[in-house]
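Quick caveat: nothing in here was measured; it's all calculated off a predicted structure. Note that ligands are numbered from 1 as they come in the structure, with each ligand's atoms numbered from 1 the same way.
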Amino acid sequence: MNFELTINPTTEIEADIELILVIDKDFKHTFIKDQKLLTKAGFSAGEDEVSLFVEKNRLYVGIDSLSSANIRTAVATAIRSLTSTTYKSLKIASYMNNEKCTALLRAMVEGFILGAYSFNKYKSNKRIQPIKDITISLEEYHGYKLDIEKCAIALEKGQITAEATNFTRDIVNTTPEDCYPAVMADIAKSLAKNSSLECKILKPKELRAEKMETLLAVARSSRHKPRVIHLSHKPKNPKAVISLVGKGLTYDSGGLSLKPSTSMVTMKLDKSGGCAVLGIMKAIEEMNLNVEVHGFIGAVENMIGGDAYKPDDVLVAKNGKTIEIRNTDAEGRLVLADVLCYAQQEVKADYIFDYATLTGASVVAVGHYTSSVVGNSDLPKDLIISGAKSAGEFATKLDFNRYLKKSISSEIADICNISSSRYGGAITAGQFLEEFIDDDHKDKWAHIDIAGPAFVEHVWGENPHGASGAGVRMTLRLLEKLAKD
Ligand code: BES
Ligand code: ZN
Ligand code: ZN
């Protein structure tokens with residue numbers, strides 16, 4: 001999708017169709033050309049309500065207010081509604097009502113690219129988005145002067161962010177038959193091949209040498225051997241050093257504690273944390289952000305078989321802690337335990353964030369659209385939450401408490417991989433991970449459970465059916481902020 005910024009008014013731009021955002025439900029304060037016809041057609045300018053005027057080549061979409069989040073979803077909904085049309089070019093006013101608000105322009109660009117996404121790999125009849133060229137008019141809106149250079153930067157950042165999100169979506173949506181640990185490692189290698197990123201892959205032999213026995217135990221019964229991926233972006237004088245750790249379960253059958261068949265469907269999503277890290281690494285390299293960022297991914301498949309790890313096993317993690325296994329479906333925390341230890345051994349970071357579709361309990365606690373964020377200290381959690389806010393993602397804090405912590409104690413090992421309580425599972429999973437964070441990193445770490453938003457089987461806002469790319473946008477905003485400070 002090509003974007004062009006122009007200072008010409010929309011009336012002077014040649015395009016197949018014009019997209020108009022309608023903010024004012026009663027048309028009292030805005031001049032809308034087709035006001036009467038819109039009323040006749042029953043258009044009430046509700047949030048994300050779309051009306052196409054074929055004869056006039058105009059597409060109207062309702063929007064509650066001109067916030068970044070609203071613009072992103074309105075534009076995404078609008079472009080999605082054009083999927084079966086043949087319009088190739090589109091024009092739109094920038095709707096920037098203040099000289100500083102390049103964030104609105106970025107949100108608009110993100111909305112177009114995110115809304116135009118569809119996953120076609122396995123479709124015979126591909127749903128191709130016809131719009132190829134979008135012209136955005138920066139004509140002074142309400143008389144504000146716009147800085148074209150700043151607008152161009154916002155446009156580019158929006159493009160990189162949304163394309164990285166779509167890149168993540170593509171990998172998550174790919175079936176476990178086509179995307180297994182070695183394939184994730186190949187994707188990481190190809191990212192590094194075409195850029196300044198460095199890439200190191202650990203195969204079983206190296207994983208054994210690194211004593212990553214809990215990760216290896218989860219991986220054992222799969223024909224697909226595990227990989228740990230380490231991608232790094234190292235500018236010369238970085239403002240901060242950040243490690244990102246992703247759960248990359250290319251399939252989670254539950255292992256011997258087998259999932260019920262209806263819960264198993266969609267479990268290709270369980271690599272979403274790792275795929276988010278891949279997307280983030282791609283984008284920070286393209287943005288050339290002045291922060292050192294290390295992406296670590298534990299890519300593993302959790303299957304059943306004669307060689308499977310079992311409830312009743314006691315595993316020894318990389319940091320020497322022993323773990324009683326009572327449920328092999330709580331495998332993500334085992335993989336993350338070892339990868340978190342490895343990440344801390346390799347890099348002394350100012351911040352460490354991990355991303356995982358870790359618990360169904362997170363979805364129960366905060367719903368399908370929100371990520372839950374836990375950790376010992378407010379600073380890293382707040383960084384994620386404010387990144388999410390400015391990126392149009394939802395994230396909220398869940399606090400640790402010492403009473404819940406008791407529920408993951410074990411009679412026979414240092415800790416148990418599941419809680420003895422039915423409740424608070426998103427928090428206890430975070431408290432399990434905390435056991436693998438060393439003292440130096442305790443206040444620098446936050447865990448983001450993306451089990452809710454990573455994969456939703458309907459369209460919502462700028463997100464399609466399936467993978468959303470959760471975590472990518474919030475983290476890019478956070479890293480951009482750290483690169484500036
Ligand atoms: N990958 C799942 C969590 C999950 C569930 C992600 C639904 C997305 C949607 C994870 O490995 C898992 O199975 N967790 C168990 C933990 C339990 C056994 C303590 C869960 O949430 O049921
Ligand atoms: Zn599981
Ligand atoms: Zn899992």
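The pair Asp252-Lys259 meets the salt-bridge criterion, since a charged nitrogen lies less than 4.0 angstrom from a carboxylate oxygen. Look at Lys397 and Asp378 and you find a salt bridge, because one of the NZ, NE, NH1 or NH2 atoms lies within 4.0 Å of a carboxylate O, short of that distance. Look at Glu331 and Lys247 and you find a salt bridge, because one of the NZ, NE, NH1 or NH2 atoms lies within 4.0 Å of a carboxylate O, short of that distance. Looking at Lys348 and Asp440, no side-chain N of the basic residue comes within less than 4.0 Å of a carboxylate O on the acidic one, giving no salt bridge. Using a cutoff of 4.0 Å between basic side-chain nitrogens and carboxylate oxygens, Glu110 and Arg477 are scored as salt-bridged. Using a cut-off of 4.0 Å between Lys/Arg side-chain N and Asp/Glu carboxylate O, Arg72 and Glu393 are scored as not salt-bridged. We find that Arg326 and Glu324 are joined by a salt bridge, their nearest charged nitrogen and carboxylate oxygen being less than 4.0 Å apart.
Residue contacts with ligand 1: Lys259 is placed with a nitrogen or oxygen under 3.5 Å of a nitrogen or oxygen of the ligand (distance criterion only). Looking at Asn327 next to ligand 1, no N or O pair under 3.5 Å apart turns up. Considering both main-chain and side-chain atoms, Asp252 comes within under 3.5 Å of ligand 1 through a nitrogen or oxygen pair. Checked against a 3.5 angstrom limit, the closest N/O atoms of Gly360 and ligand 1 fall inside it.
The closest approach between a heavy atom of Val363 and any atom of ligand 1 is not below 4.0 Å.
Distance check on atom 11 (O) of ligand 1: some protein heavy atom falls below the 4.0 Å cut-off.
When heavy-atom distances to ligand 1 are checked against a 4.0 Å cut-off, Lys271 has no atom that comes that close, whether in backbone or side chain. Under 4.0 angstrom from ligand 1, there are no non-hydrogen atoms of Thr266.
The residue from Glu331, His368, Met267 that puts a heavy atom closest to atom 7 (C) of ligand 1 is Met267.
What sits closest to atom 14 (N) of ligand 1 on the protein, heavy atoms only, is Leu358 O, 3.5 Å. Nearest to atom 16 (C) of ligand 1 among the protein's heavy atoms is Arg333 NH2, 3.9 Å. Scanning the protein for heavy atoms near atom 19 (C) of ligand 1, the closest one is Ile418 CG2, 3.5 Å. Counting protein heavy atoms only, atom 15 (C) of ligand 1 is closest to Asp329 O, 4.1 Å. Protein heavy atom at the shortest distance from atom 1 (N) of ligand 1 is Asp270 OD1, 2.8 Å.
Near Leu269, the atoms of ligand 1 lying under 4.0 angstrom from a non-hydrogen atom of the residue are 8 (C). Listed by number with element, the atoms of ligand 1 under 4.0 Å from a non-hydrogen atom of Lys247 are 1 (N), 10 (C), 11 (O). Those atoms of ligand 1 with a heavy atom of Ala451 less than 4.0 angstrom away are 6 (C), 8 (C).
Classification of the Phe353-Tyr355 ring pair by plane angle, with boundaries at 30° and 60°, yields tilted.
By the neighbour-count criterion of 12 heavy atoms within 6.0 Å, atom NZ of Lys389 is sparsely surrounded, having that number or fewer from other residues, nucleotides or ligands. Around NZ of Lys126, the count of heavy atoms belonging to other residues, nucleotides or ligands within 6.0 Å exceeds 12. Summarising the local packing, CD of Glu156 is surrounded by 12 or fewer heavy atoms from other residues, nucleotides or ligands at distances under 6.0 Å.
Residues Asp307 and Ser221 have side chains that never bring a donor and an acceptor to within less than 3.5 angstrom of each other.
Here the Zn ion (ligand 3) has protein N, O or S atoms under 2.8 Å from it, and they come to 4.
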Can Thr175 and Tyr122 be said to form a side-chain hydrogen bond (donor to acceptor under 3.5 Å, both in side chains), step by step? CA-CA 10 Å; Thr175 63; Tyr122 304 107; 3.1 Å; yes

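Each of Asp438, Asp443, Asp439 was evaluated against His441; a single residue qualifies, Asp438, per the side chain to side chain donor-acceptor pair (under 3.5 Å) test.
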